[in-house]
Asks: 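This is the structure I have questions about; it appears just below.
Being a predicted model, the structure only gives us computed values, none of them experimental.
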Protein chains: 2
Amino acid sequence: MTRMLKENNLSKNQQIVLDIIEKAKGPLKAYSILFNVQKKGIKAPPQIYRALDKLIEIGKIHKIESKNAFVACRSSNCEISKATAFSICESCEKVDEISDKSLSKYLSSYNDKKGMKFKKFNLEFFGLCKKCK
Amino acid sequence: MTRMLKENNLSKNQQIVLDIIEKAKGPLKAYSILFNVQKKGIKAPPQIYRALDKLIEIGKIHKIESKNAFVACRSSNCEISKATAFSICESCEKVDEISDKSLSKYLSSYNDKKGMKFKKFNLEFFGLCKKCK
DNA sequence: TTACATAGTGTTATATTATAACAAAATAAA
DNA sequence: TTTATTTTGTTATAATATAACACTATGTAA
Ligand SMILES: [Zn+2]
Ligand SMILES: [Zn+2]
Ligand SMILES: [Zn+2]
Ligand SMILES: [Zn+2]
């Protein structure tokens, strides 16, 4: 019997949340996601946060820590989010994921003076985007 | 008349909050600071958050975004916090500020491909500290 | 198939983090 | 002094996130 390969391993709630985040033009907050999916039967915060946690874990989305908001991963290298960098416009709140091999390489191989070996980093740049400056 | 130079321009609440953060061994959360200073007459969250905001603004402390917690600045170069980097142990929660001229220079002069000019960045590394690995 | 384990769901309640708004007091500058 | 600015104290509330528990769906292996 031919073995079915499961292409899409997302659950219903995970897919709903991912769809919304991917369609959004900017970072979304958990409760704004919640309000947007209440018509689809998702009624309570834990359902959103569980989906968000899973999507982060598998690298489909990232959390912008300085904004408590979530964006879809736009970088195909990002299977697991262990090396993330973002540019954030302080005026219009536009957020872009930075996919720069040399930056990522530089930081991934960075060793600090205290003998700590890093597994993961998150970098957030702030400034004004083209449109806002 | 000789002009008095004000050496220490912190207000009472700002100084109380800074003292606690500087004495702490690790990052402190806003409400844990609040509970610790209630004996000193500070009773409500806004008093803490205002002090924190001011201390961040003048570079005396930094916020660890991934932990919603605050640490004292240990880097004398950090008058204004526009270039911050931290190492965070995922096991014991130890946080160290990274003061590395070359890292800071590399990131401060980083230009992204979308024509955005950055004014500020925050970098958080995660891993296991010496003790925990 | 059955049995078992794992992952996901729905729900209620609550914990944690942060800000709005406004009047009063302290401090700095003119 | 007068005036402006900053800081404080206070109450209330907003925004973000998790605990706990019963239940359902799905995957794995005997
Ligand atoms: Zn990504
Ligand atoms: Zn902008
Ligand atoms: Zn610093
Ligand atoms: Zn450690």
Side-chain angles (χ1 to χ4, degrees), chain A residues 1-21 24 26-71 93 95, chain B residues 1-21 24 26-58 60-71 93 95 124:
Chain A
M1 200 185 180
T2 49
R3 195 127 168 58
M4 261 314 189
L5 265 188
K6 204 174 182 190
E7 288 299 314
N8 179 346
N9 53 354
L10 295 181
S11 74
K12 180 182 132 261
N13 288 358
Q14 288 158 13
Q15 190 63 59
I16 290 172
V17 169
L18 179 58
D19 285 346
I20 296 229
I21 295 175
L28 291 184
K29 303 223 159 205
Y31 276 74
S32 103
I33 295 169
L34 175 58
F35 298 141
N36 274 282
V37 297
Q38 286 186 326
K39 45 184 174 288
K40 289 192 173 129
I42 299 183
K43 286 174 185 154
Q47 297 172 286
I48 301 297
Y49 282 101
R50 284 176 198 141
L52 290 171
D53 288 348
K54 183 67 179 191
L55 293 168
I56 288 169
E57 190 193 321
I58 63 179
K60 293 284 189 185
I61 66 170
H62 304 297
K63 181 174 186 182
I64 307 301
E65 295 287 355
S66 61
K67 303 174 81 67
N68 298 316
F70 304 85
V71 294
E93 315 267 283
V95 170
Chain B
M1 200 186 183
T2 48
R3 198 130 166 54
M4 260 317 189
L5 267 189
K6 202 174 185 190
E7 288 300 312
N8 179 344
N9 53 355
L10 294 181
S11 75
K12 180 181 132 262
N13 288 0
Q14 288 158 13
Q15 191 63 59
I16 291 171
V17 170
L18 179 58
D19 285 347
I20 296 227
I21 296 175
L28 292 184
K29 303 222 159 205
Y31 276 74
S32 106
I33 295 169
L34 176 58
F35 297 140
N36 275 282
V37 298
Q38 286 185 326
K39 45 185 175 289
K40 290 193 171 127
I42 299 183
K43 286 174 186 156
Q47 297 171 285
I48 302 296
Y49 281 102
R50 283 176 198 141
L52 291 172
D53 288 347
K54 182 70 179 189
L55 292 168
I56 288 169
E57 189 193 321
I58 63 179
K60 293 285 189 186
I61 66 169
H62 303 297
K63 181 173 186 182
I64 307 301
E65 294 287 356
S66 60
K67 303 174 80 67
N68 297 318
F70 304 86
V71 294
E93 314 268 284
V95 170
E124 298 182 2

Asks: Name the nucleic acid region contacted by B/K67, choosing base, sugar-phosphate or nothing; use a 4.0 angstrom heavy-atom cut-off, strictly under.
Replies: nothing

Asks: From B/N13 CG over to B/K40 NZ, what is the distance, rounded to the nearest 0.5 angstrom?
Replies: 11.0 Å

Asks: Under a 4.0 Å heavy-atom cut-off, which of residues 31-45 of chain A touch DNA chain C?
Replies: A/K43, A/A44

Asks: Is any side-chain heavy atom of B/L52 closer than 4.5 Å to a side-chain heavy atom of B/I33?
Replies: yes

Asks: Any non-hydrogen side-chain atom of B/V37 less than 4.5 Å from a side-chain atom of B/I48?
Replies: yes

Asks: Taking only the side-chain heavy atoms of B/Q47 (C-beta and beyond), determine which of D/dA17, D/dT8, C/dA18 contains the nearest atom.
Replies: D/dT8

Asks: Angle, rounded to 10°, between the helical axes spanning five pairs at each terminus of the helix from C/dT1-D/dA30 to C/dA30-D/dT1?
Replies: 50°

Asks: Under 3.5 Å between N/O atoms: give me all the protein pairs with nucleotides 20-22 of chain D, atom names plus distance.
Replies:
unit_1: D/dA20; atom_1: N6; unit_2: A/R50; atom_2: NH2; d: 3.2

Asks: Atom CG of B/L52 to atom P of D/dT8: distance rounded to whole Å?
Replies: 12 Å

Asks: Do you know which two heavy atoms are closest between A/F70 and A/I21, and how far apart they sit?
Replies: O-CG2, 3.9 Å

Asks: Only counting residues at least two apart or in another chain, list the ones meeting side-chain hydrogen bond (donor to acceptor under 3.5 Å, both in side chains) with A/Q38.
Replies: none

Asks: When you get a sec, tell me which of D/dT16, C/dT17, C/dG10 is the closest nucleotide to the side chain of A/N13?
Replies: C/dG10

Asks: Under the side-chain hydrogen bond (donor to acceptor under 3.5 Å, both in side chains) rule, collect the residues that match up with A/K67, sequence neighbours excluded.
Replies: A/E93

Asks: Drop me the distance from A/Y49's OH to A/L34's CG, to the nearest 0.5 angstrom.
Replies: 9.0 Å

Asks: Could you tell me whether the phosphate oxygens of C/dA26, OP1 or OP2, come under 4.0 Å of any side-chain nitrogen or oxygen in B/S11?
Replies: no

Asks: Report each atom pair, protein N/O against N/O of nucleotides 4-7 of chain C, whose distance is under 3.5 angstrom.
Replies:
none

Asks: Rounded to the nearest angstrom, tell me the gap between atom OH in A/Y49 and atom P in D/dA15.
Replies: 12 Å

Asks: Whole angstroms only, please: what is the NZ-P distance between B/K12 and C/dA25?
Replies: 14 Å

Asks: Not counting sequence neighbours, which residues clear side-chain hydrogen bond (donor to acceptor under 3.5 Å, both in side chains) with A/S66? List them please.
Replies: A/E124

Asks: How far does CD1 of B/I16 sit from CG of B/L10, to the nearest 0.5 angstrom?
Replies: 11.0 Å

Asks: Answer yes or no: is there a side-chain heavy-atom contact under 4.5 Å between B/N68 and B/K63?
Replies: yes

Asks: List in chain and number order the residues that pass side-chain hydrogen bond (donor to acceptor under 3.5 Å, both in side chains) with B/D19, two or more places apart in sequence or in another chain; answer none if no residue qualifies.
Replies: B/Q15

Asks: Quick one: side-chain contact (heavy atoms from CB on, under 4.5 Å) partners of A/A24, sequence neighbours excluded?
Replies: A/L28

Asks: Taking atom C1' of D/dT8 as reference, at what distance in whole Å does atom CG of B/L10 sit?
Replies: 15 Å

Asks: Could you tell me which residues satisfy side-chain contact (heavy atoms from CB on, under 4.5 Å) with A/K54, sequence neighbours excluded, listed by chain and number?
Replies: A/Q14, A/E57, A/I58

Asks: Answer yes or no: does a side-chain N or O of B/K29 lie under 4.0 Å from OP1 or OP2 of C/dT17?
Replies: yes

Asks: If every non-hydrogen atom of A/Y31 is compared with every non-hydrogen atom of A/P45, which pair is closest and at what distance?
Replies: OH-CG, 3.2 Å

Asks: For A/L28 and D/dA15, what is the distance between atoms CG and C1' respectively, to the nearest whole Å?
Replies: 16 Å

Asks: Compare side-chain N and O positions of A/N68 against OP1 and OP2 of D/dA15 and report whether any pair is under 4.0 Å apart.
Replies: no

Asks: Could you give the CD1-to-P distance, from A/I48 to D/dA19, as a whole number of Å?
Replies: 17 Å

